[in-house]
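Report on one structure; see the data block that follows.
All figures in this text were calculated on a predicted structure; none of them were measured in a lab.
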Amino acid sequence: MEIGFQNVVRNFYFDNESEYRVEVIDTWEMAIKEAGVFKGKFTVELSGKEYMAIRIRNIKPQM
């Protein structure tokens, strides 16, 4: 019997005007993967590994 990880999705909603750069951080592999640029409602898919993180940064912060 093989034990595997199941993918996980996380849904987010920010305003519809601002763009956000999204990265997935794998703490076990010590790697950062670019997930894309999004605005409004979006979904980020993660592997089912433990201790995964999502970094979301506003591309053009409001002054």
Side-chain angles (χ1 to χ4, degrees):
M1 180 165 143
E2 184 177 324
I3 298 175
F5 295 106
Q6 189 173 28
N7 286 354
V8 176
V9 295
R10 294 288 182 239
N11 298 309
F12 295 93
Y13 177 76
F14 294 102
D15 65 86
N16 291 319
E17 286 79 39
S18 301
E19 292 185 322
Y20 296 89
R21 181 172 314 280
V22 179
E23 299 166 316
V24 176
I25 303 170
D26 184 336
T27 60
W28 286 104
E29 300 291 328
M30 298 175 68
I32 299 173
K33 179 181 132 191
E34 182 77 26
V37 175
F38 303 94
K39 65 175 153 177
K41 185 178 180 180
F42 59 93
T43 300
V44 177
E45 186 173 333
L46 304 168
S47 69
K49 291 190 228 176
E50 294 180 315
Y51 307 112
M52 298 293 287
I54 300 171
R55 176 168 41 202
I56 301 173
R57 294 185 286 180
N58 192 334
I59 292 177
K60 294 180 183 175
Q62 297 177 1
M63 300 286 172

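- Tyr20 pairs with exactly one of Phe12, Phe38, Phe14, Phe42 by the ring-ring contact (aromatic ring centres under 6.0 Å, His included) rule, that one being Phe14.
- Between Lys49 and Asp26, at least one side-chain N (NZ, or NE/NH1/NH2) sits under 4.0 Å from a carboxylate O, which counts as a salt bridge.
- Atom CG of Leu46 is separated from atom CE of Met52 by 5.5 Å, given to the nearest 0.5 angstrom.
- Contact record, Arg21 with Val37: NH1-CG2, 3.7 Å, taken as the closest heavy-atom pair.
- Pairing each heavy atom of Gly48 with each of Val8, the nearest pair is CA-CG2, 4.3 Å.
- The environment of OH in Tyr51 is sparse: at most 12 heavy-atom neighbours from other residues, nucleotides or ligands sit within 6.0 Å.
- Between the CZ atom in Arg55 and the CD atom in Glu23 there is a gap of 4.5 Å [rounded to 0.5 Å].
- Residues Val24 and Ala35 come closest through the heavy atom pair CG2-CB, 4.2 Å.
- No donor-acceptor pair under 3.5 Å is formed between the side chain of Thr43 and the backbone N or O of Arg10.
- For the atom pair Ile56 CD1 and Ile54 CD1, the distance stands at 6.0 Å (nearest 0.5 Å).
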